[in-house]
Amino acid sequence: MTETIDTPVFELKGNIDRKYGEDSKLIYDLKDQGGELCPSDKEFSSLSGPSDPTVDKLDKMAWEDVKKEMVNEKSLSEEAADQIGEYVSMQGGKDLAERLLQDPKMSQSKQACAGLSDIKLLFSYLELFQVTDKVVFDLSLARGLDYYTGVIYEAVLTQAGVAPVSNETQQGAPAEESVSVGSVAGGGRYDGLVGMFDPKGRKVPCVGVSIGIERIFSIMEQKAEASAEKVRTTEVQVMVASAQKNLLEERLKLVTELWDAGIKAEVMYKKNPKLLSQLQHCEESGIPLVAILGEQELKDGVVKLRVVATREEFDISRADLLAEIRRRTSEA
Amino acid sequence: MEDKARVQEAIKIQGEVVRKLKSEKASKEQIDEEVAKLLELKAQLGGDDGKHQFVLKTAKGTRDYNPKQMAIREKVFNTIIGCFKRHGAETIDTPVFELKETLTGKYGEDSKLIYDLKDQGGELLSLRYDLTVPFARYLAMNKITNIKRYHIAKVYRRDNPAMTRGRYREFYQCDFDIAGQYDAMIPDAECLKIVHEILSELDLGDFRIKVNDRRILDGMFAVCGVPDEKFRTICSTVDKLDKMAWEDVKKEMVNEKSLSEEAADQIGEYVSMQGGKDLLGASLGPEKCLQSKQACAGLSRYQAALQLPGALQFYYTGVIYEAVLTQAGVARSPMKAAGYTSRRVPQRGAAVAEGRYGLVALEP
């Protein structure tokens, strides 16, 4: 059975040019943006290895630094910065939205009130969807992208080995005391984006979410490595093997029957493989069944079906073989 | 044969020359000149024995997926697609590159991370940065007013090497979007329900979904006295806010986890260091290492709080726990660099993520 691999879309330019010769002129080159993709750099990049995308906290800062950036770099007044500081430390659920609607300052903004009412409405639907246990209304969430116009959200895993210190709020999830390892999903409402493309500026409101699959892969890969469970890379159900020499023809005939019947099967690409090697291959690949052909069995019109896990063997008549294999593989 | 050895030696020396120039940030002309010399030398070798000397690596920020990784990936995709379908989504696909103008002006401060294709005399193109803008382009182009779609594909972001974030430059995104004029918040709530379902089904442990609203942020800025034109930029600054300042982390380690204050301070010192390969190696001799199992345990619990990117890999030798973070994802044992040779280091999987922080070595 074939396994599958995937390789990156971009390759070092040198590697590509050499491989494609005349066709090289059809290759799209990435613009030299001063990095490692610059052909003249390729041999000497001192960096090696891919990076682990698990965390993206490098750009997360403490409040003091955030405030400093707002005041010094973005010329915000200190009072404004302090006020923001007060608000962005708030987290909660529907109750927080309600409180803020009563907040003398916040309630001055029609915009904020509209947002707060929608958050309340959102939470009432989330209650019906039974997901409020994990959702927190967090005033410090400010996702950088320009195109969000309404609700924004971000999902974070709480486990960096840190158990969240529970601080129950009434209708939201326990406030997040723990620090996250980086987001695994994010999104929001973006009502103006399609209108930017439409020649007549017709608006199509949109809301969506993007799942951060790489982070998830990383975690699952680590989990797989840590666990004893073996990950199968093929789905082969039956290995067609021979117990003696000169049975290649019979093997090919039998595997053809299996393939035509939709059963996932394979043979060893050797005319006279040793039975032991074939069995070893099954153990390594996690193949559950072996259909063993032998001279005597052929004379008797049977095939020896071996269950790899238990090492039991059964003589099955050629006529019943498909049905038997199907039965065993469906039970699995 | 001798010639070949001589050429190889010359290549090594020339390679060092180039590396030195680069680290000294010499002029581009100088570097290019020396690089050309090196390429010439290498070409000589190539001609002689027909073997091409080229670099066997994937581009920075990209990776191959081997069969085991693909098997895991397939499982994850199946779970996610199953969820999307359960909620009635269809799927589309769009090209990897878009007209540059399509992507321009949509990503704010992140625009500098867009990959541009070289101007080769045709349309100016860029690799897609996400799947949302192509989606919007698709809707407008096809005059679609209502659709519920998912799209799983690779996107491209040119993270600046100087700001190593431990992120890939080519990576998958799984997007689910509902487009159309509907009554307030129902589709928005369903998106959150989908996130909840997926994260639960993938069994990744506990998670939280934070929500907020752009209008609340803008309103908040307004009542706090932020001038209109500063909204976006203040917004991105607020986005950087960490949840736990260093002082609180230290407090928790010392008070709740009974770590000695020196140990905590040491950790603090290390994690505030910024440096490259020079931070590791002999200069950080063993005397600078922490002698505390608790610090070790504390570190693993607070890796995110300490802003340590990626996975903190522990090299367990039976004698020494060593937490190593290095530049460029290559773990280098500082103990080894300091001259200690007795090590039993079982493989702990992929190399450690990029980091700018120092070494902490601990003894049980």
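Chain naming here is simple, since letters A, B, ... match the order of the sequence lines and numbering starts at 1 in each.
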Participant: Is it the backbone or the side chain of A/V184 that comes under 4.5 Å from a heavy atom of chain B, or both, or neither?
Facilitator: side chain
Participant: Here's one to test your reading of the geometry: is the NZ or CZ of B/R169 within 45 degrees of the ring axis of B/Y115 and under 6.0 Å from its centre?
Facilitator: no
Participant: Against chain A, label B/Y138 side chain, backbone, both or neither, depending on which of its atoms sit under 4.5 Å from a heavy atom there.
Facilitator: neither
Participant: Which one wins on heavy-atom pair count under 4.5 Å against chain A: B/A136, B/A36, B/P227?
Facilitator: B/A136
Participant: Quick one: of B/Y156, B/F135, B/Y150, B/F77, who has the most non-hydrogen atom pairs under 4.5 Å with chain A?
Facilitator: B/Y156
Participant: Contact part of B/E197 toward chain A, heavy-atom cut-off under 4.5 Å: side chain, backbone, both or neither?
Facilitator: neither
Participant: Could you measure the distance from the CD1 atom of B/I209 to the CG atom of A/D138? Nearest 0.5 Å is fine.
Facilitator: 13.0 Å
Participant: Report yes or no: is the cationic atom of B/K106 (NZ for Lys, CZ for Arg) under 6.0 Å from the centre of the six-membered ring of A/Y147, at an angle within 45° of the ring normal?
Facilitator: no
Participant: Which one wins on heavy-atom pair count under 4.5 Å against chain B: A/A112, A/A80, A/G150?
Facilitator: A/G150
Participant: Which one of A/R202, A/E73, A/M106 has the most heavy-atom pairs closer than 4.5 Å to chain B?
Facilitator: A/M106
Participant: Tell me, out of A/D103, A/D82, A/I84, who's got the most heavy-atom pairs with chain B below 4.5 Å.
Facilitator: A/I84
Participant: Let me know if B/I147 has heavy atoms under 4.5 Å from chain A in its side chain, its backbone, both or neither.
Facilitator: neither
Participant: Would you mind telling me which of A/C206, A/A155, A/A226, A/S210 has the largest number of heavy-atom pairs within less than 4.5 Å of chain B?
Facilitator: A/S210
Participant: Does any part of the side chain of B/D130, heavy atoms only, come nearer than 4.5 Å to the side chain of B/Y107, both counted from C-beta?
Facilitator: yes
Participant: Please state whether the side chain, the backbone, both or neither of A/S75 comes within less than 4.5 Å of a heavy atom of chain B.
Facilitator: both
Participant: Could you list the residues that satisfy side chain to side chain donor-acceptor pair (under 3.5 Å) with B/K193, not counting sequence neighbours?
Facilitator: none
Participant: Between chain A and each of B/T132, B/L199, B/L217, B/D218, count heavy-atom pairs under 4.5 Å; write down the option with the most.
Facilitator: B/T132
Participant: Given the options B/S23, B/G180, B/A222, which has more heavy-atom pairs under 4.5 Å with chain A than any of the others?
Facilitator: B/G180
Participant: Might you point out which heavy atoms bring B/D159 and B/Y168 nearest each other, and give the distance in Å?
Facilitator: OD2-O, 4.2 Å
Participant: Considering only heavy atoms from C-beta outward, does the side chain of A/V88 approach that of A/W63 to under 4.5 Å?
Facilitator: yes
Participant: Using 4.0 Å as the upper bound for N to carboxylate O, is an ion pair formed by B/R73 and A/D6?
Facilitator: yes
Participant: Report the C-alpha distance between A/F137 and B/I216 in whole Å, list the side-chain angles of each, state the deciding distance to 0.1 Å, and finish with yes or no for side-chain contact (heavy atoms from CB on, under 4.5 Å).
Facilitator: CA-CA 11 Å; A/F137 171 30; B/I216 298 174; 3.7 Å; yes
Participant: Which residue out of A/V231, A/V209, A/V204 racks up the most heavy-atom pairs below 4.5 Å with chain B?
Facilitator: A/V209
Participant: Chain B heavy atoms under 4.5 Å from A/K223: which part of the residue, side chain, backbone, both or neither?
Facilitator: side chain
Participant: Of the backbone (N, CA, C, O) and the side chain (C-beta and beyond), which part of B/K75 lies under 4.5 Å from a heavy atom of chain A, both, or neither?
Facilitator: neither
Participant: Just verifying a value: how many Å separate B/F207 CZ and B/H196 NE2, rounded to the nearest 0.5 Å?
Facilitator: 4.0 Å
Participant: Check whether B/Y65 forms a cation-pi arrangement with B/R63 (NZ or CZ under 6.0 Å from the six-membered ring centre, at most 45° off the ring normal).
Facilitator: yes
Participant: Identify which of A/L139, A/D65, A/I119, A/D198 forms the greatest number of heavy-atom pairs closer than 4.5 Å to chain B.
Facilitator: A/L139
Participant: Tell me every residue that passes side-chain contact (heavy atoms from CB on, under 4.5 Å) with A/P205, counting only those two or more places apart in sequence or in another chain.
Facilitator: A/R189, A/D191, B/Q181
Participant: What part of B/Q173 gets closer than 4.5 Å to chain A, counting heavy atoms only: side chain, backbone, both or neither?
Facilitator: both
Participant: What residue in B/A189, B/G205, B/A179, B/A71 has the most heavy-atom pairs under 4.5 Å with chain A?
Facilitator: B/A189
Participant: Compare all side-chain heavy atoms of A/Y87 with those of A/L100 and state whether any distance is below 4.5 angstrom.
Facilitator: yes
Participant: Does any part of the side chain of A/V9, heavy atoms only, come nearer than 4.5 Å to the side chain of B/L127, both counted from C-beta?
Facilitator: no
Participant: Counting heavy-atom pairs closer than 4.5 Å to chain A, which one of B/I80, B/I186, B/N66 comes out on top?
Facilitator: B/I186
Participant: Can you say whether A/T149 sits under 4.5 Å from chain B via the side chain, the backbone, both, or neither, judging by heavy atoms?
Facilitator: backbone
Participant: By a 4.5 Å heavy-atom criterion (distance strictly below it), what part of B/K154 contacts chain A: side chain, backbone, both, or neither?
Facilitator: side chain
Participant: At a heavy-atom separation under 4.5 Å, does A/A224 approach chain B through its side chain, its backbone, both, or neither?
Facilitator: side chain
Participant: Checking B/T102 against chain A: side chain, backbone, both or neither under 4.5 Å from a heavy atom?
Facilitator: both
Participant: Using a cut-off of 6.0 Å, state whether more than 12 heavy atoms not belonging to A/K230 lie near its atom NZ.
Facilitator: yes
Participant: What part of B/D203 gets within 4.5 angstrom of chain A, counting heavy atoms only: side chain, backbone, both, or neither?
Facilitator: both
